[in-house]
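One structure is given here, and the rest of the page talks about it.
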Amino acid sequence: MTHDDEPELLTSQEVAELLHRDRKTVQRWAAAGKLPYAAKVRGQRGAWLYERRSIERFAEELHGPSTKAY
């Protein structure tokens, strides 16, 4: 797999900014299965990682189609 084929991953903070929500809300949604995530780094303080494409689809469902290009 080349780097071009790899999905762009976002942090919880980046997702929070895109969705106009708090970072903790994003993490709660991911933990509850409401928000798709790509990976959770092990450990109590491990980062949640999200695929940009999945988050953009989620944002459209949440806010409607966006006119802003990411």
Side-chain angles (χ1 to χ4, degrees):
M1 181 180 283
T2 66
H3 289 291
D4 293 337
D5 296 334
E6 294 177 12
E8 181 180 357
L9 296 178
L10 304 173
T11 65
S12 293
Q13 184 61 46
E14 291 168 326
V15 172
E17 291 170 8
L18 288 174
L19 298 179
H20 306 287
R21 298 292 191 274
D22 186 75
R23 179 181 55 84
K24 288 289 191 180
T25 299
V26 167
Q27 291 172 335
R28 280 194 300 273
W29 286 353
K34 296 178 181 180
L35 182 66
Y37 66 95
K40 166 78 167 75
V41 178
R42 288 186 181 180
Q44 183 177 1
R45 304 186 111 213
W48 294 83
L49 299 174
Y50 311 82
E51 289 185 21
R52 177 179 284 279
R53 252 182 276 138
S54 296
I55 297 305
E56 289 172 347
R57 283 192 297 267
F58 182 85
E60 283 186 14
E61 293 173 12
L62 188 65
H63 299 296
S66 175
T67 58
K68 178 181 175 185
Y70 294 103

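From a predicted model like this one, the values you see are computed outputs, not experimental measurements.
Remark: Leu19 CG to Tyr50 OH distance equals 9.5 Å, nearest 0.5 Å. Here Ile55 contributes atom CD1 and Glu60 contributes atom CD; the two are 12.5 Å apart, rounded to the nearest 0.5 Å.
Within the structure, every pair that satisfies the ring-ring contact (aromatic ring centres under 6.0 Å, His included) test and touches residues 23-46, not counting sequence neighbours, is listed here: Trp29-Phe58, Tyr37-Trp48. Residue pairs meeting the salt bridge (charged side-chain N to carboxylate O under 4.0 Å, His left out) criterion with at least one member in residues 24-47: none, sequence neighbours excluded. Under the salt bridge (charged side-chain N to carboxylate O under 4.0 Å, His left out) criterion, the residue pairs touching residues 8-22 are Glu8-Arg52, with sequence neighbours excluded.
If you run side chain to side chain contact (heavy atoms under 4.5 Å, CB included) between Leu35 and each of Thr25, Leu62, Val26, only Val26 comes through.
Leu49 and Val15 are not part of a single hydrophobic cluster, where members link through side-chain heavy atoms under 4.5 Å apart.
Every residue two or more places apart in sequence or in another chain that forms a side-chain contact (heavy atoms from CB on, under 4.5 Å) with Arg23 is listed here: Ser12, Gln13, Ala16, Gln27. Residues passing the side-chain contact (heavy atoms from CB on, under 4.5 Å) test with Ala38, sequence neighbours excluded: Leu9, Glu51.
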